[in-house]
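Note sheet for the following structure.
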Amino acid sequence: MSKVGIAAESRRIDTLLLRALCFGPKSYWELMREGKAQTHQVLKALQSLLEGELAAYNGDRFVITEKGRRQAETMGLERVAEQRCEVCAGRGIVLRPPFDSVLAAFQDIAAMRPKATPDFDQGYVTHISHPNKVKTKDFLFSFSE
């Protein structure tokens with residue numbers, strides 16, 4: 001990738017993270033998903049936002065600063081809201097029996113897992129992704145009949 005391509009990719013990731021922060025505080029893991037890039041690229045972009053004082057860390061969440069909010073307004077990011085369906089998150093699958101009870105059992109089991117750390121990420125399943133894991137099974141099951 002050329003230097004221009006690398007710079008453009010870096011700006012893209014910065015923009016995605018700043019847009020995500022416009023809609024409220026985010027955890028490390030939420031920003032990893034929002035960055036839509038490799039971990040090291042998202043970490044570099046997040047570091048850039050922190051160093052530029054566009055974002056801050058309050059102990060458990062990242063938040064947009066006043067400077068970051070002004071930058072987002074200049075870029076027109078505050079006008080871009082989430083476009084996916086609130087019920088299915090754009091997947092087109094809503095859990096129905098018996099998979100709704102499977103989700104509850106899955107969440108109980110996953111609650112006993114040790115906490116993930118940025119130093120060791122092996123595809124950790126977050127509480128946000130639990131419904132997606134069960135919806136995948138529901139989707140695959142629909143083709144087995």
Side-chain angles (χ1 to χ4, degrees), residues 1-96 99-100 102-143:
M1 184 180 287
S2 71
K3 289 183 180 182
V4 173
I6 292 170
E9 178 68 3
S10 178
R11 281 192 306 276
R12 182 189 71 82
I13 300 165
D14 287 353
T15 301
L16 289 172
L17 297 182
L18 195 58
R19 177 184 294 145
L21 291 171
C22 283
F23 296 100
K26 302 287 183 217
S27 72
Y28 168 84
W29 299 108
E30 289 169 318
L31 289 176
M32 281 294 122
R33 278 188 295 281
E34 293 289 342
K36 299 182 185 345
Q38 294 178 7
T39 302
H40 71 93
Q41 293 171 304
V42 177
L43 286 173
K44 186 175 179 181
L46 186 53
Q47 187 65 36
S48 171
L49 293 179
L50 292 169
E51 289 172 357
E53 298 180 350
L54 300 174
Y57 185 68
N58 69 9
D60 69 334
R61 299 266 181 200
F62 291 90
V63 296
I64 193 167
T65 62
E66 190 55 42
K67 182 178 178 182
R69 190 157 308 281
R70 285 193 306 271
Q71 177 71 23
E73 288 171 7
T74 300
M75 297 169 71
L77 298 181
E78 78 285 355
R79 296 185 306 260
V80 182
E82 178 60 62
Q83 300 298 313
R84 291 178 286 185
C85 171
E86 293 176 12
V87 176
C88 71
R91 294 189 184 317
I93 297 175
V94 178
L95 289 177
R96 293 189 175 87
F99 292 98
D100 54 346
V102 171
L103 175 60
F106 185 81
Q107 288 171 324
D108 289 343
I109 293 167
M112 296 182 277
R113 291 184 67 171
K115 296 275 186 212
T117 66
D119 298 326
F120 185 74
D121 175 19
Q122 292 293 314
Y124 192 76
V125 178
T126 65
H127 71 283
I128 293 170
S129 67
H130 292 169
N132 297 336
K133 301 299 180 198
V134 177
K135 286 177 186 177
T136 300
K137 300 336 177 241
D138 184 7
F139 176 73
L140 294 172
F141 182 77
S142 70
F143 287 101

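Here Leu31 contributes atom CG and Phe62 contributes atom CZ; the two are 6.5 Å apart, rounded to the nearest 0.5 Å. Residue Leu17 holds its CG atom at 10.0 Å from CG of Leu50, rounded to the nearest 0.5 Å. Between the CZ atom in Arg33 and the CG atom in Leu16 there is a gap of 14.0 Å [rounded to 0.5 Å]. Atom CG of Asp14 is separated from atom NZ of Lys44 by 10.0 Å, given to the nearest 0.5 angstrom. Between atom CG of residue Leu18 and atom CD of residue Gln71 there is a gap of 6.5 Å, rounded to the nearest 0.5 Å. Note that CE of Met32 and CD of Gln41 are 10.5 Å apart. Values are rounded to the nearest 0.5 Å.
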Salt bridge (Lys or Arg N to Asp or Glu O under 4.0 Å) assessment of Glu30 paired with Arg61: CA-CA 10 Å; Glu30 289 169 318; Arg61 299 266 181 200; 2.9 Å; yes
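Considering only heavy atoms from C-beta on, Arg69 comes within 4.5 Å of Ile64 through its side chain. Using a 4.5 Å heavy-atom cutoff, the side chains of Leu43 and Thr39 are in contact. Annotation: side chain of Lys36 is in contact with side chain of Arg12 (closest heavy-atom distance under 4.5 Å). For the pair Leu49 and Thr65, the minimum side-chain heavy-atom distance is 4.5 Å or more.
Between the side chain of Lys67 and the backbone N or O of Gly52 there is at least one donor-acceptor pair closer than 3.5 Å.
Heavy-atom minimum distance, Val42 versus Gly35: CG2-CA, 3.9 Å.
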